[in-house]
Amino acid sequence: MERRVVVTGMGAITPIGLNVDEFWASVKEQKTGFAPITHFDAADYKCHLAAEVTGFDGKNYMDFKSAKRMELFSQYAVAAAKEALADAALDMEKEDAYRVGCAIGSGIGSLQAIEREHAKLLEKGPGRVNPLFVPMMISNMAAGNVSILFGLKGKSLDVVTACATGTNSIGEAFRTIQYGDADVMVAGGCEACITPVGIAGFTALTALSTVDDPARCSLPFDKERSGFVMGEGAGIVVLEELGHAKKRGAKIYAEVTGYGCSSDAYHITSPAEDGAGAARAMTNALADAGLAPEDVTYINAHGTGTHHNDLFETRAIRLAFGSHADRLRINSTKSMVGHLLGAAGAIEFVTCVKEIEEGYIHATVGYRTPDDEMDLDYCREPYVEAVPHALSNSLGFGGHNATLIASQYKE
């Protein structure tokens, strides 16, 4: 018999809130996190805006020594994991630690450490490079640090699929529990790449918006869209086998019912123009969940605000859903928090769970001008209506496509 998997805890560090409640309240207020970059002097850069996390101090979530040995992406992951585990009321002293695992990914790891230590290398020589440079910089250290601090001794994964990382991490955690390799998984994504080389690199790709107006810089699906805005943060969920959750009386937010993936096998940065790859990830997830396209009424889109992504994702939705696409509500959380890269899919999954819980579909903030071929309902305004199933898409450089489906939990 297939093991059912439910969401019992959530945590978030975002540009519009340092916990799930703050984040969700900001989403409903249509608050955006876009402002001039403060992490470094961006005066000479073409891109001047980002969605930075503000007011965060790692020492509020862990002891000073632990914080000092962690780069920002890992600190975000630990903070969000701490909230998620507390929310789930999971007492590790009562658990078999080898049945509680971790799947937390980061698309890049620490660009800050690379920039800092490379400067030391050039200026002061190889003997001055920090002995902890490598274990602080590598992307798996988010999962490693969370496992160490909270005593999670089960499967520990760092899935890296660029902007699909958070979605794949939760999906692989879902599969791990389904398959019986764990009873509980702490899963999600984290990222902190608002650095000189991060902004310069994505700008050189022409992926970032260079608009200086915070109200018009991140415009998913809008005709005036001009690229994505770099965000940062972490989203973490606690996934649990249903029987295990019920036995300990856990609160159940939603059920994970479907997970689908594919590869475009097309281009290192552009999605396939016909949307076939992303469409297959969606249809795979629907099949996994045992749902017909008509059963789904809402999609949290990848919706980056780049010209190619939004057009090709729209084509993918039409390909996967046919005429039913006209009846879908489609929004982009990136219209408020920007693109959190490896953390994006995880924060968007948290958003989906909150939307299911409250029967509220948030607006795509800033959307006002339809584009020619993009003629779906992109949620100019929020909707207050039941959300039986929420489908969340993530598409990553390299052609990675991943889709999750969360559903209202029913006995």
Side-chain angles (χ1 to χ4, degrees), residues 34 46-47 49-51 107-108 161-168 191 193 198-211 216-231 261-283 299-321 325 328 330-335 337-342 344-345 348 364-379 391-403:
F34 311 120
K46 289 181 181 176
C47 173
L49 301 183
I108 297 176
T161 49
C163 309
T165 294
T167 298
N168 278 132
E191 206 77 82
C193 286
I199 295 297
F202 279 102
T203 303
L205 263 180
T206 67
L208 294 184
S209 172
T210 55
V211 171
R216 301 302 295 162
C217 59
S218 182
L219 301 174
F221 302 108
D222 193 283
K223 190 166 189 171
E224 295 176 21
R225 68 193 185 280
S226 59
F228 72 78
V229 177
M230 184 84 84
C261 300
S262 72
S263 174
D264 286 340
Y266 171 69
H267 190 273
I268 58 169
T269 59
S270 174
E273 294 186 16
D274 61 359
R280 176 56 71 92
M282 286 185 265
T283 56
I299 294 176
N300 187 299
H302 189 55
T304 60
T306 63
H307 178 271
H308 279 10
N309 176 91
D310 296 1
L311 175 59
F312 301 161
E313 188 176 7
T314 295
R315 291 175 180 170
I317 291 167
R318 283 218 169 274
L319 203 54
F321 286 88
L328 293 169
I330 301 163
N331 64 8
S332 172
T333 308
K334 293 179 181 72
S335 65
V337 298
H339 194 347
L340 276 63
L341 307 182
E348 288 152 15
T364 299
V365 177
Y367 176 76
R368 64 187 186 197
T369 310
D371 205 351
D372 297 339
E373 193 182 329
M374 293 158 50
D375 54 356
L376 301 176
D377 179 357
Y378 302 110
C379 298
L391 185 148
S392 183
N393 284 335
S394 291
L395 321 177
F397 283 176
H400 306 283
N401 303 305
T403 297

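In what follows, every heavy atom counts, from backbone to side chain, and hydrogens, waters and symmetry copies are set aside. Numbers for residues simply follow the sequence, beginning at 1.
- Between Arg315 and Asp274, the closest heavy-atom pair is CB-O, 3.8 Å.
- No hydrogens or angles considered: nothing links the side chains of Thr364 and Asn331 as a donor-acceptor pair under 3.5 Å.
- Cys163 and His339 make their closest contact through SG-NE2, 3.3 Å (heavy atoms, listed as atom of the first residue, atom of the second, distance).
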* Could you walk me through whether Phe321 and Leu391 pass the side-chain contact (heavy atoms from CB on, under 4.5 Å) check? -> CA-CA 12 Å; Phe321 286 88; Leu391 185 148; 4.0 Å; yes
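- Aromatic ring centres of His308 and His267 lie farther apart than the 6.0 Å criterion allows.
- A side-chain donor from one of Thr314 and Tyr378 sits under 3.5 Å from a side-chain acceptor of the other.
- Rounded to the nearest 0.5 angstrom, Leu395 CG and Asn401 CG are separated by 5.0 Å.
- Here Leu208 contributes atom CG and Ser226 contributes atom OG; the two are 9.5 Å apart, rounded to the nearest 0.5 Å.
- Judged by distance alone, the side chains of Asn300 and Asn393 never bring a donor and an acceptor atom under 3.5 Å apart.
- Between the CD atom in Glu191 and the CG atom in Leu341 there is a gap of 5.0 Å [rounded to 0.5 Å].
- Between Ser335 and Val365 the shortest heavy-atom distance is OG-N, 3.0 Å.
- Once rounded to the nearest 0.5 Å, the distance linking CZ of Arg225 with OG of Ser332 reads 11.5 Å.
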* **Step-by-step side-chain contact (heavy atoms from CB on, under 4.5 Å) determination, Arg318 to Asp375** => CA-CA 10 Å; Arg318 283 218 169 274; Asp375 54 356; 3.1 Å; yes
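- A pairwise comparison of heavy atoms in Phe34 and Gly338 identifies CE2-N, 3.4 Å as the closest pair.
- Taking the side chain to side chain contact (heavy atoms under 4.5 Å, CB included) definition, one finds that Ala162 meets it with Phe397, sequence neighbours left out.
- One finds the NZ atom of Lys334 at 4.5 Å from the NE2 atom of His302 (value rounded to the nearest 0.5 Å).
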* Applying side-chain contact (heavy atoms from CB on, under 4.5 Å), run through Lys223 and Arg368 and close with a yes or a no. => CA-CA 8 Å; Lys223 190 166 189 171; Arg368 64 187 186 197; over 6 Å; no
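- From Ser218, atom OG reaches atom CE of Met230 across 12.5 Å, with rounding to the nearest 0.5 Å.
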